[in-house]
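Read through the structure below, which is laid out as structure tokens, and then see the notes.
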Amino acid sequence: MRSETPAVPVNDSAPGDGLVKAGVVLFAIGAVATLVTVAPLFLGSDPFPTVAYTVSMLMGVGFAVAAAGVLRSIAAQRRQAREASAPAAQPR
């Protein structure tokens with residue numbers, strides 16, 4: 001019965017996955033805030049206070065956090081590949 005789910009949950013998250021997920025959330029919040037702060041320009045209403053523009057900067061912060069997560073994942077994969085090939089490269 002291979003179609004059954006395993007009794008022990010498998011942890012398949014790689015290093016950096018949490019940073020990427022957090023970066024996506026921050027980016028989405030910043031993107032929505034950017035749309036909200038630009039809307040008064042097209043609607044002809046009063047602009048929002050400075051806090052709204054500060055929240056829209058989360059879009060760049062989210063991008064940076066997600067990029068850091070990707071770089072951490074790349075470093076972990078390179079380290080894992082280096083460790084896997086190290087025993088085979090030793091002379092006898």
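Being a predicted model, the structure only gives us computed values, none of them experimental. Hydrogens, waters and symmetry mates are skipped; everything else that's a heavy atom, side chains included, is used.
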**OP:** Answer yes or no: is there a side-chain heavy-atom contact under 4.5 Å between Val55 and Leu58?
**Re:** yes
**OP:** Mind checking side chain to side chain contact (heavy atoms under 4.5 Å, CB included) for Pro15 and listing every partner two or more places apart, or none if nothing turns up?
**Re:** Arg72, Ala76
Subject >> Atom pair CG/CE of Leu35 and Met59 - distance to nearest 0.5 Å >> reply: 8.0 Å
Original post:
Is Leu41 isolated, or which residues cluster with it under the ILVMFWY side-chain rule of less than 4.5 Å, directly or via members?
Top reply: Val38, Phe42
Subject >> Closest heavy-atom pair and its distance - Ser56, Thr37 >> reply: CB-OG1, 4.4 Å
Subject >> Set of residues satisfying side chain to side chain contact (heavy atoms under 4.5 Å, CB included) with respect to Ser45, sequence neighbours excluded >> reply: Pro40, Leu43
Original post:
Ile74, Val20: one ILVMFWY side-chain cluster at the under-4.5 Å cut-off?
Top reply: yes
Subject >> Sequence-distant partners of Val25, side chain to side chain contact (heavy atoms under 4.5 Å, CB included), two or more places apart >> reply: Ile29
Subject >> Non-neighbouring partners of Phe63 that pass side chain to side chain contact (heavy atoms under 4.5 Å, CB included), sequence neighbours left out >> reply: Phe27
**OP:** Output yes when a side-chain donor or acceptor of Ser73 lies under 3.5 Å from a complementary backbone atom of Val70, and no otherwise.
**Re:** no
